[in-house]
Amino acid sequence: MKKTNKRKICFVTGARSDYGLLHFLLKMAVKDSAFKVQILVTGSHLSKDHGLTFSEIENDGFRIDLRVDMLISDDTSAGVVKSMGVGMIGFAEAYKELTPDLLVVLGDRYEILVAVSAALIYQIPVAHISGGELTEGAVDDSIRHAITKLSNIHFTATKEYRQRVIQMGENPSRVFNIGEVGLDYITHTKLLSKREVEKQTGFTFGNKNILVTFHPETIGDKSAILQISEILKAFEKHKDMNIVFTKPNADMDGKIIWEECLKYQRRYPKRIFTFVSLGRHRYLSMMKYMDAVVGNTSSGIVEAPSLHVASINIGSRQTGRIRASSVINVPCTCIAIDKALDKIYSTSYMKVVSNVKNPYGKGNSSLNLLKVLKKTDFKTLLLKKFYDKK
């Protein structure tokens with residue numbers, strides 16, 4: 001058998017959110033003769049409640065090497081912690097079988113924290129994408145910083161985020177600002193037409209249309225039920241809108257939010273639509289033709305400006321994240337959300353949206369990331385020294 005000099009890089013994805021951002025990078029890595037790509041799937045990808053989204057990965061033509069089933073059907077704090085424990089056992093077996101030369105992860109999910117914690121003990125170096133960011137209204141903020149310290153090489157989305165990673169003691173020679181990898185998909189992929197979106201989803205665009213995703217604020221004393229109630233009260237004042245809800249992440253109290261969205265859809269079945277998962281292509285295609293992205297999803301901050309779509313960011317989950325001028329930030333109150341929904345149709349604001357520049361870059365981040373990895377000796381990454389700026 002002919003030996004190969006390809007180095008094994010293992011991508012770990014735990015949710016539709018990180019897979020969507022990793023999609024184009026995965027596509028380019030698979031084509032690159034320098035690497036043998038492994039894909040390890042875990043978290044909500046394997047959950048029936050969240051649409052078994054691992055199938056989207058396979059439908060995109062990727063081969064899943066292993067699955068680590070860790071998600072317990074319990075979104076309480078105890079349930080999440082138990083899921084992390086189950087995941088640790090699963091990753092112990094997965095790394096033993098796959099023996100990757102490098103782990104590639106993105107973001108701030110607890111599933112990814114488990115994956116990199118196990119990699120540390122296995123002495124597998126970790127490349128972390130999207131470190132240095134802030135989302136102060138969620139436990140993800142602390143998780144992201146923990147992942148940074150457990151990682152060995154870093155790829156950030158802005159200069160400010162790169163500087164923050166260095167502030168955490170990471171050597172500047174291992175921290176690369178490449179822009180947001182998720183924007184590559186928008187830059188290099190032909191999205192669906194409005195008619196194709198309607199045909200594939202069953203949604204019918206009206207005169208006014210918004211795309212809504214609201215995740216739980218996992219830090220703070222505001223209950224999920226109170227927050228979603230305020231949002232739905234605001235929507236009651238805009239009954240001329242067609243609304244698409246997508247399901248929240250597998251976070252604490254996510255089920256409560258989704259149940260309220262489903263109840264609301266049953267009240268207005270002709271103009272309210274709910275989707276457990278649209279898939280990356282349909283989601284971005286639908287976003288392109290929407291008047292606004294509403295809620296507290298990162299896509300409203302990162303991707304919406306590149307499509308010149310309005311964005312209403314609600315509450316504190318994304319507090320601290322760099323935002324384009326088109327992003328409207330409001331507290332989670334009926335009055336504030338109502339005013340923001342009116343604002344997106346104002347002439348002055350629409351001018352801002354049409355001319356907005358995205359601070360997260362213009363794409364081509366994936367190729368730059370792979371260029372760095374090609375030049376990097378993975379074995380030297382394991383030895384880390386705390387960087388003290390002099």
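The residues of the chain are indexed from 1 along the displayed sequence.
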Exercise. For H308, which residues count as a side chain to side chain contact (heavy atoms under 4.5 Å, CB included) partner, sequence neighbours excluded?
Worked result: V353, V356
Problem set entry | Salt-bridge present (D32, K374; N to O < 4.0 Å) | yes
Problem set entry | Test log, rule side-chain hydrogen bond (donor to acceptor under 3.5 Å, both in side chains), inputs S173 and N171 | CA-CA 5 Å; S173 66; N171 194 307; 2.8 Å; yes
For this session: Measure the spacing between NZ of K379 and CD of Q123 and express it to the nearest 0.5 Å.
Result: 12.5 Å
Problem set entry | Side chain D141, main chain G137, donor-acceptor under 3.5 Å | no
Exercise. Please walk me through it: do K149 and E170 pass salt bridge (Lys or Arg N to Asp or Glu O under 4.0 Å)?
Worked result: CA-CA 8 Å; K149 294 309 299 178; E170 299 301 297; 2.6 Å; yes
Exercise. So, R271 side chain and I243 main chain: donor-acceptor pair closer than 3.5 Å or not?
Worked result: no
Exercise. Are E236 and Y268 linked by a side-chain donor-acceptor pair shorter than 3.5 Å?
Worked result: yes
For this session: Applying side-chain contact (heavy atoms from CB on, under 4.5 Å) between V126 and each of I112, N152, I147, I153, report the one that passes.
Result: N152
Exercise. What distance do I178 atom CD1 and R162 atom CZ have between them, rounded to the nearest 0.5 Å?
Worked result: 12.5 Å
For this session: Evaluate the ring planes of F24 and H188, with Trp represented by its six-membered ring, and classify them as parallel (under 30°), tilted (30 to 60°) or perpendicular (over 60°).
Result: parallel
For this session: Using the six-membered ring wherever Trp is involved, compare the ring planes of F235 and Y264 and label them parallel, tilted or perpendicular (cut-offs 30° and 60°).
Result: tilted
For this session: Tell me, with the steps shown, if Q38 and L66 meet side-chain contact (heavy atoms from CB on, under 4.5 Å).
Result: CA-CA 8 Å; Q38 300 171 327; L66 278 180; over 6 Å; no
Exercise. Given the rule in the side-chain hydrogen bond (donor to acceptor under 3.5 Å, both in side chains) test, do S316 and E217 qualify, once you have shown the distances and angles that lead to the verdict?
Worked result: CA-CA 7 Å; S316 64; E217 290 184 1; 3.1 Å; yes
For this session: Could you tell me whether R321 and E136 make a salt bridge, using a distance below 4.0 angstrom between a side-chain N and a carboxylate O?
Result: no
Exercise. Backbone N or O of H215 within a donor-acceptor pair of the N249 side chain at under 3.5 Å?
Worked result: no
Exercise. Are K8 and F35 in a cation-pi setup, meaning NZ or CZ lies under 6.0 angstrom from the ring centre and within 45 degrees of the ring axis?
Worked result: no
Exercise. Got I186 and D184 here, is their nearest side-chain heavy-atom distance under 4.5 Å?
Worked result: no
Exercise. Does K82 NZ have over 12 foreign heavy atoms under 6.0 Å away?
Worked result: no
For this session: Kindly check if the number of other-residue, nucleotide or ligand heavy atoms within 6.0 Å of CG (N355) is above 12?
Result: yes
For this session: To the nearest 0.5 angstrom, please state how far the CD1 atom of I64 sits from the CZ atom of F11.
Result: 14.0 Å
For this session: Start with the C-alpha distance between D140 and Y110, add both sets of side-chain angles, then the distance that settles side-chain hydrogen bond (donor to acceptor under 3.5 Å, both in side chains), and finish with yes or no.
Result: CA-CA 7 Å; D140 297 357; Y110 64 82; over 6 Å; no
Problem set entry | Between F203 and F273, ring centroids under 6.0 Å | yes
For this session: Before accepting this row, confirm whether a basic side-chain N of the pair D240/K208 lies closer than 4.0 Å to the acidic partner's carboxylate O.
Result: yes
For this session: Kindly compute the distance separating CG (D253) from CD (Q227), expressed to the nearest 0.5 Å.
Result: 9.5 Å
Problem set entry | Basic-acidic side-chain contact under 4.0 Å: E260, K263 | yes
Seminar exercise, completed: Between the CZ atom in F176 and the OG1 atom in T376, the distance rounded to the nearest 0.5 Å is 5.5 Å
Problem set entry | Full working for side-chain hydrogen bond (donor to acceptor under 3.5 Å, both in side chains) between S326 and Y349 | CA-CA 8 Å; S326 58; Y349 176 74; 5.1 Å; no
For this session: Please answer whether the main-chain N or O of T53 pairs with a side-chain N or O of S277 as donor and acceptor at a distance below 3.5 Å.
Result: no
Exercise. So which of L278, T189, L191, T201 actually passes side-chain contact (heavy atoms from CB on, under 4.5 Å) with S285?
Worked result: L191
For this session: Inspect the surroundings of CD1 in I335 and state if more than 12 heavy atoms from other residues, nucleotides or ligands are less than 6.0 Å away.
Result: no
For this session: Report the C-alpha separation of K96 and E93 in whole Å, then their side-chain angles, then the decisive distance to 0.1 Å, and conclude whether the salt bridge (Lys or Arg N to Asp or Glu O under 4.0 Å) test is met.
Result: CA-CA 5 Å; K96 184 178 180 181; E93 296 299 321; 5.0 Å; no
For this session: Scan side-chain atoms only and decide if Q318 and T135 contain a donor-acceptor pair under the 3.5 Å cut-off.
Result: no
For this session: Run the salt-bridge test on E58 and R67 with the 4.0 Å N-O cut-off and return the result as yes or no.
Result: yes
Exercise. Do any N or O atoms from the side chain of R7 and from the backbone of K36 form a donor-acceptor pair under 3.5 angstrom?
Worked result: no
Exercise. Can you tell me how far OH of Y283 sits from OG of S299, rounded to the nearest 0.5 angstrom?
Worked result: 2.5 Å
Exercise. Should the heavy atoms of other residues, nucleotides or ligands under 6.0 Å from NZ of K27 be counted, would the total exceed 12?
Worked result: no
For this session: For the pair R174 (side chain) and L381 (backbone), establish whether a donor and an acceptor sit closer than 3.5 Å, ignoring hydrogens and angles.
Result: yes
